Colleague: 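Here it is, the structure, as structure tokens.
These numbers come from the heavy atoms of this one structure, side chains and all, not from hydrogens, waters or symmetry mates. On a predicted model such as this, the values are computed, not experimentally measured, just so you know.
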Amino acid sequence: MIVPTHRVHNFNAGPAVLPLEALERARNEWFDFAGTGMSVMEMSHRSKEFLALHAEAQRLLRELMEIPESHHILFLQGGASLQFDMVPRNLLGEGAGADYIVTGSWAEKALEEGKRHGAAREIWAARESNFDHVPQPGDALSIDPAARYVHLTSNNTIHGTQWKHFPDTGDVPLVADMSSDILSRPVDVSRFGLIYAGAQKNLGPSGLTVVIIREDVLQSCAKNLGPMLAYRNHVKNDSLYNTPPTFAIYMLRNVLQWVKDLGGLPSITARNERKAELLYEVIDAFPELYRGHARVDSRSTMNVTWTMSDEALEKRFLAAAQDRDLIGLKGHRSVGGFRASVYNAMPLMGVRALVDHMRSFAERNA
Ligand code: PMP
């Protein structure tokens, strides 16, 4: 392994840090992918080398997430934002209803798009506490048994909250935006009718969106849609209806291989829990200085959010963090303060560097 000259501790919310091993593999294969004498960006998406790569990425994702054969895997473009539209466009239909659990700004956006296509209904929201928690087991959700689907956001990137137990929606398909925690922990995929995620947090670079759709949900999709917006068309063509984002798929393969080499989701989960635990420990150790935004029962392992009582202090904290190569920590404007995004590829070492900074800053300023 060649150590690069300068790598910062990158806490960006997405696009985000990628595993060094995945980047190094890309560098090694940059000019000559699979002995073709071309980079992967320069070859036909119909070539046998690219088709093998495409299949390998699908196979690795299926293996790591234990995606059952009942579910199709799609590699699309347009980000999670296009899925806010494609989900209702395909599944809702005029006169039909869908229930949305609104746990943050991205869920709100999804709901707004849903409303363009049918009777999308908000059945839960924690707006009055600025989305500091998600529903807990036992909370009433009043799901309409006739709804076409129930939509939720598994991890709320901006507010730093995450579902720990997914609700039982009976026969109503569960649809989840997993953009910011896909592949970070084991999930029983069989319980979901559809999962989607932009790749740029846990899976690879931006430009690729992963969609996992169950066969019966696919069968219920609207039939008269244009080809680029129809899940049916993408399934029929194995995501190769038009030119796919070939380099992003290549990087996804590298990232998935890295996850597999680490020991798959059990190892990744343990790593992620340890990293989040270290951060929440230091937040809780200095309550007079740091205020965690998320309620303890809803704390995310992916995005850790906190504020300070004083804006001048926040500025000093951020500047001092920058001096230590800790970057991307400024919180989203709707929460303020700080957000440390600690996706799969953030090494424990980076989290330790941040925790050291938080501890020493607190000891000097508390
Ligand atoms: N959903 C969630 C949970 C997100 O975090 C984001 C992006 N940060 C989006 C949706 C929007 O994703 P995209 O930019 O890929 O459209």
Colleague: Of the non-hydrogen atoms in L92 and R148, which two are nearest, and what is the gap between them?
Modeller: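 So the minimum-distance heavy-atom pair works out to O-NH1, 2.7 Å.
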Colleague: Please, which pairs that meet salt bridge (charged side-chain N to carboxylate O under 4.0 Å, His left out) have at least one residue in residues 315-331, sequence neighbours excluded?
Modeller: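 Every candidate salt bridge (charged side-chain N to carboxylate O under 4.0 Å, His left out) pair involving residues 315-331 fails, so no pair, neighbours aside, qualifies.
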Colleague: For a quick check under 3.5 Å, do T153 and D177 share a side-chain donor-acceptor pair by atom type?
Modeller: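 Side-chain D/A pair, T153 to D177: absent.
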Colleague: Quick one: list whatever passes side-chain hydrogen bond (donor to acceptor under 3.5 Å, both in side chains) with S190, sequence neighbours left out.
Modeller: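 By the side-chain hydrogen bond (donor to acceptor under 3.5 Å, both in side chains) rule, S190 matches D188.
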Colleague: Under a 4.0 Å N-O cut-off, is there an ion pair linking R127 with E122?
Modeller: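 So R127 pairs with E122 through a salt bridge.
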Colleague: Show me the pairs that pass ring-ring contact (aromatic ring centres under 6.0 Å, His included) and involve residues 68-88, at least two apart or across chains.
Modeller: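 ring-ring contact (aromatic ring centres under 6.0 Å, His included) check on residues 68-88 returns H54-F75.
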Colleague: Which word best sums up how the rings of Y290 and F286 line up, parallel for under 30°, tilted for 30 to 60°, or perpendicular for over 60°?
Modeller: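 Because their plane-to-plane angle is over 60°, the rings of Y290 and F286 count as perpendicular.
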Colleague: Is there a donor-acceptor pair under 3.5 Å between the side chain of R191 and the backbone N or O of T169?
Modeller: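 Looks like no, no N/O pair under 3.5 Å.
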Colleague: Side chains of N242 and H45, heavy atoms from C-beta outward: is any pair under 4.5 Å?
Modeller: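 They are not in contact (no side-chain heavy atoms under 4.5 Å apart), so the answer is no.
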Colleague: Taking side chain as C-beta onward, heavy atoms only, is D356 less than 4.5 Å from R359?
Modeller: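 Counting from C-beta outward, D356 and R359 never come under 4.5 Å.
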Colleague: Counting N and O atoms only, with roles assigned by atom type, does the side chain of D144 sit under 3.5 Å from a partner on the main chain of A146, one being a donor and the other an acceptor?
Modeller: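 The answer is yes, because a donor-acceptor pair under 3.5 Å joins these two groups.
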Colleague: Answer with yes or no whether the side chains of H159 and T161 bring together a donor and an acceptor at under 3.5 Å.
Modeller: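 There is no such pair (donor and acceptor under 3.5 Å, judged by atom type) between the side chains of T161 and H159.
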Colleague: Indicate whether any N or O donor in one side chain lies under 3.5 Å from an N or O acceptor in the other, for N28 and E24.
Modeller: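 Looking only at side-chain atoms, E24 and N28 do not form any donor-acceptor pair under 3.5 Å.
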Colleague: Is the backbone of N303 close enough, under 3.5 Å, to the side chain of S300 for a donor and an acceptor to pair up by distance?
Modeller: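 Indeed, once roles are kept as given, a pair shorter than 3.5 Å links the two residues.
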Colleague: Less than 3.5 Å apart, any donor N or O on the side chain of D181 or S154 sitting next to an acceptor on the other?
Modeller: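 Yes.
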Colleague: Does the side chain of F33 come within less than 4.5 Å of M41's, by heavy atoms?
Modeller: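 No; the side chains remain at least 4.5 Å from each other.
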Colleague: Which atoms form the tightest heavy-atom contact between Y100 and A120, and what is the distance?
Modeller: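 For Y100 and A120, the tightest heavy-atom pair comes out as CE1-CB, 3.7 Å.
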Colleague: Mark yes or no for whether D132, through its side chain, and A294, through its backbone, hold a donor-acceptor pair below 3.5 Å.
Modeller: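 Checking the backbone N and O of A294 against the side chain of D132, no donor-acceptor pair under 3.5 Å is found.
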Colleague: Hey, are N254 and E21 close enough side-chain-wise for a donor-acceptor pair under 3.5 Å?
Modeller: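 Checked: E21/N254 side chains show no N/O donor-acceptor pair below 3.5 Å.
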Colleague: Hey, does the side chain of R339 reach the backbone of G160 with a donor-acceptor pair shorter than 3.5 angstrom?
Modeller: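 No, the answer is negative, given that no donor and acceptor are paired below the 3.5 Å cut-off.
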Colleague: What I want to check is whether the side chains of E363 and S360 have a donor and an acceptor closer together than 3.5 Å.
Modeller: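 Per modelled atom types, E363 and S360 side chains form no pair under 3.5 Å.
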Colleague: Compare every heavy atom of A98 with every heavy atom of A147, then report the nearest pair and how far apart it is.
Modeller: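 Distance-wise, the nearest heavy atoms are CB-CA, 4.2 Å.
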Colleague: Pair E29, R253 - check salt bridge (charged side-chain N to carboxylate O under 4.0 Å, His left out), show working.
Modeller: CA-CA 13 Å; E29 296 178 339; R253 188 282 305 264; 3.3 Å; yes
Colleague: List the residues meeting ring-ring contact (aromatic ring centres under 6.0 Å, His included) with Y280, not counting sequence neighbours, and say none if there are none.
Modeller: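 Checked Y280 against ring-ring contact (aromatic ring centres under 6.0 Å, His included); zero matches.
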Colleague: Return the NE2 to CG distance between H117 and N90, rounded to the nearest 0.5 Å.
Modeller: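 Atom-to-atom, H117:NE2 and N90:CG are 9.0 Å apart.
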Colleague: Does any non-hydrogen side-chain atom of F50 lie less than 4.5 Å from one of L240?
Modeller: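 Heavy-atom side-chain distance check passes, below 4.5 Å.
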Colleague: If Ile, Leu, Val, Met, Phe, Trp and Tyr residues are connected whenever their side-chain heavy atoms lie under 4.5 Å apart, and connections chain through other members, are V175 and V187 in the same group?
Modeller: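 Per the 4.5 Å side-chain linkage, V175 and V187 are not co-clustered.
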Colleague: Using the test side-chain contact (heavy atoms from CB on, under 4.5 Å), find all partners of T307 that sit at least two apart in sequence or belong to another chain.
Modeller: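 Partners of T307 by the side-chain contact (heavy atoms from CB on, under 4.5 Å) criterion, ordered by chain and then number, come out as R291, E314.
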Colleague: Locate the shortest heavy-atom distance separating L141 from P167; write the atom from each residue and the value.
Modeller: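 For L141 versus P167, the nearest heavy atoms are CD1-CB, 3.7 Å.
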Colleague: Looking at S180, S184, S179, which hits side chain to side chain donor-acceptor pair (under 3.5 Å) with N155?
Modeller: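 The option that passes is S180.
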Colleague: Write out all pairs satisfying ring-ring contact (aromatic ring centres under 6.0 Å, His included) with one or both partners inside residues 195-241, taking only residues at least two apart or from two chains.
Modeller: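 Only H151-Y196 qualify under ring-ring contact (aromatic ring centres under 6.0 Å, His included).
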Colleague: Determine, using the 4.5 Å side-chain heavy-atom cutoff (strictly less than), whether V172 and V217 are members of one ILVMFWY cluster.
Modeller: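 Hydrophobic grouping puts V172 apart from V217.
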Colleague: Should we say atom CZ of R333 is surrounded by more than 12 heavy atoms from elsewhere, each under 6.0 Å from it?
Modeller: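 No, not enclosed.
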Colleague: Looking at CG of L152 and CZ of F192, how far apart are the two atoms once the value is rounded to the nearest 0.5 Å?
Modeller: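 Interatomic distance, L152 CG to F192 CZ, rounded to 0.5 Å: 6.5 Å.
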Colleague: For N344 and L183, work out which heavy atoms get closest and say how close.
Modeller: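 It is ND2-O, 3.0 Å.
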Colleague: Is it the case that atom CE in M349 sees more than 12 heavy atoms from other parts of the structure closer than 6.0 Å?
Modeller: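 No.
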Colleague: Ignoring hydrogens and angles, state whether a donor on the side chain of T301 or Q162 is under 3.5 Å from an acceptor on the partner side chain.
Modeller: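 Result is yes, a qualifying pair exists.
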Colleague: Are the side chains of P145 and D171 in touch, meaning some heavy atoms are under 4.5 Å apart?
Modeller: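 Of all side-chain heavy-atom pairs linking D171 with P145, none is under 4.5 Å.
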Colleague: For H357 and F317, run ring pair (Phe, Tyr, Trp, His ring centres under 6.0 Å): C-alpha distance rounded to whole Å, both residues' side-chain angles, the deciding distance at 0.1 Å, then the answer.
Modeller: CA-CA 9 Å; H357 174 54; F317 179 95; 4.5 Å; yes
Colleague: Would you say the side-chain atoms of N237 pair up with the backbone N or O of S239, donor to acceptor, closer than 3.5 Å?
Modeller: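 Absent.
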Colleague: Output yes when a side-chain donor or acceptor of W163 lies under 3.5 Å from a complementary backbone atom of V134, and no otherwise.
Modeller: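 No, because the side chain of W163 does not come within donor-acceptor range (under 3.5 Å) of the backbone of V134.
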Colleague: Going hydrophobic residue to hydrophobic residue with side-chain gaps under 4.5 angstrom, can you get from M178 over to I101?
Modeller: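 Yes, it is one cluster - the side chains of M178 and I101 are joined through contacts under 4.5 Å.
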Colleague: Do W30 and Y250 have their ring centres less than 6.0 Å from each other?
Modeller: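 Centroid distance W30-Y250: not below 6.0 Å, so no.
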Colleague: Measuring only between side-chain heavy atoms, which start at C-beta, is V351 closer than 4.5 Å to M346?
Modeller: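 Answer yes - side chains close enough.
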Colleague: Flag the pair K275 / L279 as yes when at least one side-chain heavy-atom distance between them is below 4.5 Å, and no otherwise.
Modeller: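 In short, these two side chains do not touch, never coming nearer than 4.5 Å.
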Colleague: Do the charged groups of E112 and K115 touch, with an N to O distance under 4.0 Å?
Modeller: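 A salt bridge is present here (some side-chain N lies under 4.0 Å from a carboxylate O).
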Colleague: Under 4.0 Å between a side-chain nitrogen and a carboxylate oxygen: does that hold for E63 and R59?
Modeller: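 No, no charged N to carboxylate O under 4.0 Å.
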Colleague: For E42 and T36, does a side-chain donor sit closer than 3.5 Å to a side-chain acceptor?
Modeller: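 No donor-acceptor contact under 3.5 Å links the two side chains.
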Colleague: Would V255 end up clustered with F247 when hydrophobic side chains under 4.5 Å apart are linked, directly or stepwise?
Modeller: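 Yes, V255 and F247 fall within the same hydrophobic cluster.
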Colleague: Look at the side chain of D139 and the backbone N and O of Q136, then say whether any donor-acceptor pair between them is shorter than 3.5 Å.
Modeller: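 Confirmed, D139 side chain pairs with Q136 backbone.
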Colleague: Please say yes or no: joined through hydrophobic side-chain contacts below 4.5 Å, possibly via intermediate residues, are M302 and I195 part of one cluster?
Modeller: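 M302 does not cluster with I195.
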Colleague: Please report whether the ring centroid of W124 lies less than 6.0 Å from that of H133.
Modeller: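 Here the rings of W124 and H133 have centres that are less than 6.0 Å from each other.
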Colleague: Does F11 have its ring centroid less than 6.0 Å away from the ring centroid of F338?
Modeller: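 No - the distance between ring centres of F11 and F338 does not fall below the 6.0 Å cut-off.
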Colleague: Within this structure, what is the NZ-CG distance for the pair K109 and D85, rounded to the nearest 0.5 Å?
Modeller: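 Those atoms lie 14.5 Å apart.
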Colleague: Can any side-chain N or O of N12 pair as donor or acceptor with the backbone N or O of G14 at less than 3.5 Å?
Modeller: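 Not confirmed, N12 side chain does not pair with G14 backbone.
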Colleague: In Å, rounded to the nearest 0.5 Å, how long is the span from CG of L252 to CG of N202?
Modeller: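 So the gap between those two atoms works out to 11.0 Å.
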Colleague: For L225 versus A230, what's the shortest heavy-atom pair and its separation?
Modeller: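 That would be CB-CB, 4.0 Å.
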Colleague: Measuring only between side-chain heavy atoms, which start at C-beta, is V87 closer than 4.5 Å to L194?
Modeller: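 When only atoms from C-beta onward are counted, L194 and V87 do touch, with a gap below 4.5 Å.
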Colleague: Is the CD atom of E66 crowded by more than 12 outside heavy atoms at less than 6.0 Å?
Modeller: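 Result for CD/E66: open.
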Colleague: Taking the side chain from T269 and the backbone from L265, do they hold a donor-acceptor pair closer than 3.5 Å?
Modeller: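 Yes: the side chain of T269 pairs with the backbone of L265.
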